[in-house]
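Throughout, numbering of the chain's residues begins at 1 and tracks the sequence.
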Amino acid sequence: MRRTKPVRPVLVVIAHGSRDPRHAATVHALVRRVRALRPGVRVETGFLDFNIPSVQGVLESLAAEGVRDVVALPLLLTRAFHAKADIPAVLRDAPPQLRIRQAEVLGPSPLLLSALERRLYEAGLTPADKSSTGVVLASAGSTDPEAIAVIADIAREWRHTGWCAVRPAFASAALPRTEDAVRELRALGCARVAVAPYVLAPGFLPDRIARGAADADVLAEVLGAAPEVARVVLRRYDAASARGLRLSVSA
């Protein structure tokens, strides 16, 4: 008797990579959470730079195993240069027998706002503090105007959930810096100021954000392996997988 069953594409999470060992450790912790949420999906991790395995190495290994369908998911919060140029270039060089669909980046998403609030509450704030607390939404920064505009939009949206004020800030490539946004919120009269890093893993730029938060009352941790982030990963995977899921035939 012949029957068909769907073949789930392999999820390849593509991380930027860093010389800072905390970066890879955080990425792997997030991937472990994704696997725990969806044990029926094979999840692999590849890095664009600095860490191993490389994205190219992961794709070549999968092709050698006979894998055919892959969803490549950029572990990025905004659609900037890496998502628009670097990752597509790497995927174009993948083994030709692989059918690869590139998923969307993680942000923006209401789940990421929930993860930001989770980190702020873990750092000591409570929901009762929202109306008197100004928040700096501190991202890594980008030269891509689309990415900068997205961060500004997220800050405006987050403000409407009850915070005293929310201001975007950037660790590089754009202004204002974290310390400038902290001063602005003080000048507005917010009773306390919190800095929420809108970054996925520790590293050079997140450390710059932390230094800029020296005069803030609260500094949250990076998003890291927050459960909401893992759920966004799977939502992006599901959306990409739905674009032409292949069927296999078995006896």
Item to complete: Take Glu184 and Arg167, measure what side-chain contact (heavy atoms from CB on, under 4.5 Å) needs, and give me the verdict at the end.
Response: CA-CA 9 Å; Glu184 180 183 353; Arg167 294 291 185 271; 2.8 Å; yes
Discussion item. Which residues pass the side chain to side chain contact (heavy atoms under 4.5 Å, CB included) test with Asp153, not counting sequence neighbours?
Written reply: Arg156
Fill in: Under-4.0 Å salt bridge between Asp49 and Arg19
no
Worksheet item: Are any of the side-chain nitrogens in Arg183 or Asp180 under 4.0 Å away from the carboxylate oxygens of its partner?
Response: yes
Worksheet entry | Backbone of Leu223 reached by a side-chain donor or acceptor of Arg119 within 3.5 Å | yes
Worksheet entry | Residues that, via side-chain heavy atoms closer than 4.5 angstrom, fall in one hydrophobic cluster with Val222 | Val136, Val182, Leu185, Leu188, Val193, Val195, Val199, Ile209, Leu219
Worksheet item: Between OG of Ser139 and CZ of Phe170, what distance do you get to the nearest 0.5 Å?
Response: 4.5 Å
Worksheet item: Are Val218 and Val135 side-chain neighbours, meaning at least one heavy-atom pair lies under 4.5 Å?
Response: no
Worksheet item: Does a side-chain heavy-atom distance below 4.5 Å link Ser132 with Arg192?
Response: yes
Worksheet, complete the sentence: When rounded to the nearest 0.5 Å, the distance separating OG1 of Thr78 from CG of Asp144 is 7.5 Å
Worksheet entry | Minimum heavy-atom distance Pro74-Ala103, with the two atoms named | CD-O, 3.3 Å
Worksheet item: side chain to side chain contact (heavy atoms under 4.5 Å, CB included) with Arg42: which residues, sequence neighbours excluded?
Response: Val10, Glu44, Leu62, Glu65, Val67
Worksheet item: Partners of Arg159 by side chain to side chain contact (heavy atoms under 4.5 Å, CB included), sequence neighbours excluded?
Response: Val166
Worksheet item: Does one hydrophobic cluster hold both Leu116 and Leu125, with members joined at side-chain heavy-atom distances below 4.5 Å?
Response: yes
Discussion item. The test is salt bridge (Lys or Arg N to Asp or Glu O under 4.0 Å); show your working for Arg8 and Asp238 and say whether it passes.
Written reply: CA-CA 10 Å; Arg8 301 296 292 173; Asp238 288 340; 3.4 Å; yes
Worksheet item: Between Leu106 and Arg236, what is the shortest heavy-atom contact and its length?
Response: O-NH2, 2.8 Å
Discussion item. Would you say that more than 12 heavy atoms from the other residues, nucleotides or ligands in this model lie under 6.0 Å from the CZ of Arg235, or not?
Written reply: no
Discussion item. Please check this pair: side chain of Lys130 against backbone of Thr161, looking for a donor-acceptor N/O pair closer than 3.5 Å.
Written reply: yes
Practice prompt. Taking all non-hydrogen atoms of both residues into account, name the closest pair between Val58 and Pro53 and its distance.
Written response: CG2-CG, 3.6 Å
Practice prompt. Determine, step by step, whether Glu122 and Glu221 satisfy the side-chain contact (heavy atoms from CB on, under 4.5 Å) criterion, reporting the C-alpha distance in whole Å, the side-chain angles of both residues, the deciding distance to 0.1 Å, and the verdict.
Written response: CA-CA 8 Å; Glu122 290 170 350; Glu221 293 293 330; 5.6 Å; no
Practice prompt. Can you tell me which residue pairs pass the ring-ring contact (aromatic ring centres under 6.0 Å, His included) test with a partner in residues 105-157, sequence neighbours excluded?
Written response: none
Fill in: Minimum side-chain heavy-atom gap Asp215-Glu179 below 4.5 Å
no
Worksheet item: With the 4.5 Å side-chain cut-off for hydrophobic clustering, are Leu73 and Leu48 part of the same group?
Response: no
Worksheet item: Between Ile87 and Gln102, is any pair of side-chain heavy atoms under 4.5 Å apart?
Response: yes
Item to complete: Could you check if a side-chain atom of Arg243 sits within less than 4.5 angstrom of a side-chain atom of Arg101, using non-hydrogen atoms only?
Response: yes
Worksheet item: Which pair of non-hydrogen atoms, one from Gly203 and one from Asp20, has the smallest distance, and what is that distance?
Response: CA-OD2, 3.6 Å
Item to complete: Show your working on side-chain contact (heavy atoms from CB on, under 4.5 Å) between Ile14 and Leu76 and close with a plain yes or no.
Response: CA-CA 9 Å; Ile14 301 178; Leu76 303 168; over 6 Å; no
Item to complete: Measure the shortest side-chain to side-chain distance between Pro168 and Tyr198 over non-hydrogen atoms and say whether it is less than 4.5 angstrom.
Response: no
Practice prompt. Go through the steps for Leu77 and Leu200 under the test side-chain contact (heavy atoms from CB on, under 4.5 Å), then give the verdict.
Written response: CA-CA 8 Å; Leu77 294 172; Leu200 286 168; 4.0 Å; yes
Worksheet, complete the sentence: side chain to side chain contact (heavy atoms under 4.5 Å, CB included) filter on Ala15, not counting sequence neighbours, yields His23, Val27, Phe47, Leu75
Fill in: Heavy-atom pair of closest approach, residues Asn51 and Gly17
OD1-CA, 3.1 Å
Worksheet item: Transitively linked via ILVMFWY side-chain contacts under 4.5 Å: Val229 with Val43?
Response: yes
Discussion item. Are Leu113 and Leu30 linked, directly or through intermediate hydrophobic residues, by side-chain heavy-atom contacts shorter than 4.5 Å (ILVMFWY only)?
Written reply: yes
Worksheet entry | Within-4.5 Å side-chain heavy-atom neighbours: Arg186 and Asp217 | yes
Fill in: Single-linkage hydrophobic cluster Val13~Val105, side-chain heavy atoms < 4.5 angstrom
no
Worksheet item: Which value, rounded to the nearest 0.5 Å, describes the distance between Ile52 atom CD1 and Thr45 atom OG1?
Response: 12.5 Å
Discussion item. Please check: side-chain N/O of Glu60 versus main-chain N/O of Pro95, any donor-acceptor pairing under 3.5 Å?
Written reply: no
Fill in: Donor on one side chain, acceptor on other, Asp129 and Thr126, under 3.5 Å
yes
Item to complete: Write down the atom of Trp158, the atom of Ala196, and the distance for their closest heavy-atom approach.
Response: CH2-CB, 3.8 Å
Item to complete: Starting at CZ of Arg118, measure out to CG of Leu111 and round the result to the nearest 0.5 Å.
Response: 10.5 Å
Practice prompt. Any chance you could measure Ser61, atom OG, to Gln56, atom CD, to the nearest 0.5 Å?
Written response: 10.0 Å
Worksheet item: From Ser142 OG over to Arg79 CZ, what is the distance, rounded to the nearest 0.5 angstrom?
Response: 12.0 Å
Discussion item. Would you say that Pro202 contacts Thr26 through its side chain, given a criterion of any heavy-atom pair below 4.5 Å between the two side chains?
Written reply: yes
Worksheet entry | Ser172 side chain vs Ala140 backbone, donor-acceptor pair below 3.5 Å | yes
